[in-house]
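Following: one structure in structure tokens, then a few remarks.
All residue numbers in this chain count up from 1 along the given sequence. When a ligand or atom number is given, it counts from 1 through the structure's own listing order.
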Amino acid sequence: MKIVHIVGARPNFMKIAPVIHAFERTGEVEQVLVHTGQHYDEELSNYFFDDLGLPRPDVNLGVGSGSHGVQTGRVMIALEPVLERERPDWVFTVGDVNSTVAAALVAAKLGIRVAHVEAGLRSGDWTMPEEINRVVTDRLSDALFTTESSADENLAREGVPAERVHFVGNVMIDTLERHRAAAAALGVAEGMGLPPKGYLLVTLHRPSNVDEPERLAAMLAALGEVVMGTELPVVIPLHPRTSARVRELGIESLLGPLVVLPPLRYLDFLGLMQDAAGVITDSGGIQEETTVLGVPCITVRPNTERPVTLTHGTNQLYDGDPHGLLDVVREALLSERSEVRPPLWDGHAAERIARITLDLGGKGDSAPE
Ligand code: UD1
């Protein structure tokens with residue numbers, strides 16, 4: 001069996017790593033890794049390959065940044081000849097970034113079967129580019145691997161035949177379990193002089209929080225209020241999208257009270273997350289990671305595509321006035337830590353994916369519909 005895996009942006013790398021390793025262990029699959037080049041900085045891309053033990057990509061499409069149409073279009077144009085040449089049995093695409101949907105479109109039109117890892121998540125919010133990517137990718141997929149029961153329900157409601165949907169658990173948690181001890185051993189917080197459980201960790205990069213000048217300024221001011229009100233250091237590794245906006249707006253002074261870092265390597269970030277008193281974020285994956293680590297998480301969005309982190313985890317949504325953030329943080333810091341884990345978030349999701357794919361077989365074994 002031959003599989004081509006497509007990755008493009010930071011959150012893809014930790015999801016594909018355990019899948020590649022699981023197929024490797026079967027000894028039955030030829031694997032080709034294609035990096036679209038959507039993320040190209042060392043901090044957002046290259047370091048992740050080293051930290052996660054990923055093989056170097058066999059092909060790098062080098063698409064870089066651009067508007068959504070440009071970025072998606074460039075991936076499609078560059079990927080088509082690669083898939084025509086490789087003619088794999090399956091294309092594996094992960095998550096919800098522009099590279100994910102571009103890969104699904106090209107593969108499906110070439111009659112190559114598509115497997116989507118982290119299928120079925122829905123925020124119901126069509127202003128999020130990721131929501132469009134999720135829905136289109138799932139519609140084009142032949143095997144849909146899901147992380148939580150809400151995803152199975154969403155797919156059933158959208159009419160996806162049940163035999164295509166496989167509830168396998170969460171590959172991101174496979175990666176976390178594999179690396180958490182090594183991350184703890186790095187002692188990142190200690191090295192920065194941050195007391196264990198004595199600081200807050202923040203990430204902000206969603207267009208809804210950083211692209212609108214007033215919202216971004218209010219969010220950063222609110223984080224300053226959290227520093228004052230809790231007397232805890234607030235550590236914020238800045239995504240390039242966010243630092244670009246801060247520079248454009250000339251509001252660097254709002255970062256003054258915060259401990260500002262560049263985007264961190266996987267192990268460094270995992271280490272900081274484990275030791276944090278709490279996390280404030282608009283990321284998707286961090287809601288899941290904090291749930292397993294038992295660290296209180298405040299997600300500054302009106303919705304989440306990962307509701308199991310609310311019902312079985314440490315996550316809560318906050319979409320009120322940014323100046324109300326301090327009260328929410330204070331309350332979260334008092335909350336009991338949850339030891340409950342969502343079903344099948346056990347570090348073995350990728351093995352299930354490999355076994356199911358081998359059972360489904362290569363293109364000679366059954367024709368796609
Ligand atoms: C993308 C994903 C998002 C994911 C995030 C994680 C889509 C629609 N969005 O958003 O789901 O959570 O990645 O990081 O695919 N840039 C750099 N260096 C890089 C890459 C980008 O400086 O290596 C800059 C770009 O020039 C651009 C900005 O960052 O100004 C945004 O990059 P882009 O890939 O378009 O989207 P993200 O906001 O990173």
Side-chain angles (χ1 to χ4, degrees), residues 6-16 35-52 57 60-76 78-79 93-105 116-119 121-123 125-137 172 175 202-212 215-216 219 236-249 261-266 268-269 273 279 281-290 297 299-301 303-306:
I6 315 292
V7 291
R10 181 170 60 180
N12 294 161
F13 307 132
M14 42 285 220
K15 293 171 193 164
I16 209 66
H35 187 341
T36 66
Q38 175 174 344
H39 282 179
Y40 43 85
D41 283 350
E42 296 269 297
E43 292 115 343
L44 291 193
S45 173
N46 299 0
Y47 290 151
F48 282 77
F49 282 78
D50 299 337
D51 284 0
L52 300 170
N60 192 320
L61 305 178
V63 302
S65 301
S67 65
H68 288 272
V70 166
Q71 202 170 51
T72 311
R74 279 199 199 128
V75 176
M76 291 180 67
L79 182 60
T93 191
V94 294
D96 57 14
V97 304
N98 287 338
S99 299
T100 309
V101 69
L105 278 162
H116 184 206
V117 177
E118 199 187 87
L121 297 180
R122 298 288 183 265
S123 65
D125 178 354
W126 287 93
T127 66
M128 283 181 85
E130 292 83 359
E131 183 74 354
I132 299 167
N133 296 343
R134 292 178 194 122
V135 170
V136 175
T137 303
M172 231 179 155
T175 296
V202 178
T203 77
L204 276 186
H205 77 280
R206 291 262 160 239
S208 58
N209 279 322
V210 307
D211 283 3
E212 211 257 301
R215 171 82 183 170
L216 176 58
M219 284 301 304
I236 179 165
L238 271 195
H239 188 281
R241 180 184 198 104
T242 311
S243 33
R245 296 287 181 269
V246 168
R247 268 197 312 278
E248 277 162 32
L249 297 170
L261 302 176
L264 297 179
R265 298 176 72 136
Y266 179 75
D268 292 343
F269 190 78
M273 203 162 35
V279 169
T281 190
D282 57 8
S283 150
I286 291 172
Q287 299 170 52
E288 299 180 338
E289 292 167 331
T290 47
C297 179
T299 298
V300 280
R301 286 176 40 189
N303 49 55
T304 180
E305 59 288 326
R306 294 164 160 90

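- Residue, atom and distance of the protein heavy atom nearest to atom 22 (O) of ligand 1 are Pro240 CB, 3.3 Å.
- Judged by the shortest distance from any of its heavy atoms, His68 lies inside the 4.0 Å radius around the atoms of ligand 1.
- Within the 4.0 angstrom cut-off, atom 30 (O) of ligand 1 has no protein heavy-atom neighbours.
- A heavy-atom distance below 4.5 Å is found between the side chains of Arg206 and Met128.
- Residues Ser65 and Tyr40 are in side-chain contact: their nearest non-hydrogen atoms beyond the backbone lie under 4.5 Å apart.
- With a heavy-atom cut-off of 4.0 Å, Val97 touches ligand 1 through backbone and side chain alike.
- For atom 17 (C) of ligand 1, the nearest protein heavy atom (residue, atom name, distance) is Tyr40 OH, 3.4 Å.
- Residues satisfying the ring-ring contact (aromatic ring centres under 6.0 Å, His included) criterion with Phe49, sequence neighbours excluded, are Phe13, His35.
- Scanning the protein for heavy atoms near atom 9 (N) of ligand 1, the closest one is Glu130 OE2, 3.6 Å.
- Considering backbone and side-chain N/O of Asp41, one or more are found under 3.5 Å from N/O of ligand 1.
- When heavy-atom distances to ligand 1 are checked against a 4.0 Å cut-off, Pro11 comes that close only through its side chain, counted from C-beta outward.
- Among all protein heavy atoms, the one lying closest to atom 36 (O) of ligand 1 is Arg241 NH1, 3.8 Å.
- Nearest residue to atom 21 (C) of ligand 1 from Ser65, Gly64, Pro207, Ala102 is Ser65 (criterion: closest heavy atom).
- Minimum interatomic distance between His68 and Pro129 (heavy atoms only, all atoms of both residues): CE1-CB, 3.5 Å.
- Protein heavy atom at the shortest distance from atom 39 (O) of ligand 1 is His39 NE2, 2.9 Å.
- Side-chain polar atoms of Asn303 and Arg301 form a donor-acceptor pair below 3.5 angstrom.
- Looking at atom 8 (C) of ligand 1, its nearest protein heavy atom turns out to be Asn98 OD1, 3.3 Å.
- Counting only heavy atoms from C-beta outward, the side chains of Gln38 and Val97 approach each other to under 4.5 Å.
- Each of Thr281, Leu216, Val300 was scored for a side-chain contact (heavy atoms from CB on, under 4.5 Å) with Asn209, with one residue passing: Val300.
- Interface of Gln71 with ligand 1, defined as ligand atoms under 4.0 Å from a residue heavy atom, comprises 34 (O), 35 (O).
- Looking at residues two or more places apart in sequence or on another chain, you find a side-chain contact (heavy atoms from CB on, under 4.5 Å) between Asn133 and Asn98, Val101.
- In terms of protein heavy atoms, atom 4 (C) of ligand 1 is closest to His205 NE2, 3.7 Å.
- With 3.5 Å as the limit, one finds a donor-acceptor pair spanning the side chains of Thr304 and Gln287.
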